[in-house]
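Indexing begins at 1, ligand by ligand and atom by atom, following the structure's order. Sequential numbering from 1 along the given sequence is applied to the chain's residues. All values derive from a computational prediction rather than experimental measurement.
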Amino acid sequence: MNDRTKPTKIDPDDIGHNESANPSFDTILAARLSRRNFMLGSVGTGAMAVFGGVSLGALAGCNSDSDSVAAAPTAPTGTETLLGFTAVSKSLADAVVIPDGYSFSVLCALGDPLRSATPAYGNVGTDDDYENRFGDHHDGMEYFGLSAAGTPDPASSERALIGMNHEATTDETRSSFFLHADGGTPSLPRPAAEVDKELAIHGISVFEIVKSGGTFAYVQDSAFNYRIHQNTPVEIHGPARGDDLLVTQYSAAGTATRGTLNNCGTGKTPWGTLVSGEENWAGYFTRNATDDAARTAAGYAKSVTALKRYGRAQGATSRHGWETGGVEDKYRRWEISLTGASADGSDDYRNELNTFGYIVEIDPYDKSMAARKRTALGRFAHEAASFSIPIEGKPVAVYQGDDSRGEYIYKFVSTKNWTAADATRADRLAVGSEYLDDGKLYAAKFNADGSGEWIELSIANPAIAGYATYPFADQADVLVNARLAADAVGATKMDRPEWSAVNPANGEVYFTLTNNSNRRLNPTGSQVAPDAANPRVYSDVKGTSTVNTGNVNGHILRIRENAGEAAATTFSWDVYLFGAESIANAGINLSAITADQDFSSPDGLVFSASTG
Ligand code: FEO
């Protein structure tokens, strides 16, 4: 038995592995700010971008910046339908606080059974059958309307399916871990029974809800209900399907894996499926302390570079020790050292890490269809995915963020042009394959003058094909190691890109950049050097203690594609809103947000369906 050192409490999102020399967004932002009278004056309803959907009025206000490179947003048509609630006051109370006139109820909680054959959740540490219960750490979710006949009906507000992520679980080294009877085993090896529960509570739930008496409740035993957990078969799709990089003992053909992990943000495709982003998946795997030499000796030397770039240096320990649950394959897969004798990796899990880090598409209406990992959209710490406004005869774009310090913003553009009839086809995942398995992946480069470029991540690009740091073999390699490809083309390091949202009125794209604790006035190591003109480098002080430093509160970026084309390779950009405490000085509170608007670390972002 090995004692496990209680890990330092850190946010897994907040670990940077990007040591490339690419310019950071902060540097460029500083230059941009230096020539602009930026965002001065009140933003009015702008805080609704974070708390209640971006209001169209806020866009108009933002456009009062006369030096903005972005052209004026298109005036929306139709009637603005704001919810009209009264903002609630800030509070540190451990309570749900909602505006007057609203009510809330709990729809589903960890452990609630999806079928009546599974006992009610006792919350006493002895519950089992988690494969048929709601998982832990509910995160991104999407609503899929359902008709009375049980068919897709986007307009339905009475009956629906919800697709919901279960991102993570509590650290078992906390004595209060509620999942296990004894509070969990904080040492290795982990008991199989504990690991089995933890494998089951990560993933996705799909469940039916019905409104009755004005209140939604989930429908236990609905034929639509299902779970995806870490033992659920999942298909690999797109250009990397069958590639050498995806060969494992589970799938010698490199076409399949099990589960989807650390699912954070979500998105909804124009054809009615759920997409889910695998975010901090790397931390669940371990490598032994001599794996670099083993890989090098076996001809896998370049995989060491890739593993480090994705946060798995040799000797890295796993988040929960799942690899110690037993000798069964479902446990061994979390140990990704090269241990087998095969030349292709079909007798160990040296390539298992390459089967995670994707946008995963599932059909909420058909649980018989296996989920599909869309490799064409690149592999990184995916947050959410937002879709361009589908226009007949035009490609579809998917906007994506890689949430880690100093990582990039990406765009995928489909080869297939949008066909409106695809929105209602019954073979939804086949439609998904038509749009999401064939296209071009780009990384964003932000220029100081407010322009930007989408740089294609293609093996045909000499900067990628000749990249000295990592010898890409082919396009599949570029997609599986998209971070390295983006390094190679000089993409711009960002302050942890989280969700994005596309304005349904004009197609503009908003990205939340949640914060960056890796900026310092006097940087060392991998810290990011600020520019004197950049007001976003500061310390958050509580009393006499500095509790955070860097870009503490984050900001929201706005992108306008050239000529409004989703497939454009150039764009203009500006900062829509800076997070800050309202009491901060003007050098920090750049957007002059007030006490009933102030916010920090913007993350989830969505336009309501009624906005347009
Ligand atoms: Fe799971 Fe980037 O938040």
When you measure from the side chain of Ser388 to the backbone N and O of Ala397, does any donor-acceptor pair fall under 3.5 Å?
yes
Are any N, O or S atoms from Glu383 nearer to atom 1 (Fe) of ligand 1 than 2.8 Å?
no
For atom 2 (Fe) of ligand 1, what is the closest N, O or S atom on Asp403?
OD2
Give a yes or no on whether the backbone of Phe285 and the side-chain of Ser318 come within a donor-acceptor separation of less than 3.5 Å.
no
Of all the N, O or S atoms in Glu498, which has the shortest distance to atom 2 (Fe) of ligand 1?
OE1
Please name the atom of Glu279, limited to N, O or S, that comes nearest to atom 1 (Fe) of ligand 1.
OE1
Taking side chain as C-beta onward, heavy atoms only, is Ile409 less than 4.5 Å from Phe446?
yes
Show your reasoning for whether side chain to side chain donor-acceptor pair (under 3.5 Å) applies to His202 and Tyr284.
CA-CA 12 Å; His202 290 70; Tyr284 291 80; 3.3 Å; yes
Do you know which N/O/S atom name in Glu167 is closest to atom 1 (Fe) of ligand 1?
OE2
NZ (Lys330) with more than 12 external heavy atoms under 6.0 Å
yes
Does Asp603 bring an N, O or S atom to within less than 2.8 Å of atom 1 (Fe) of ligand 1?
no
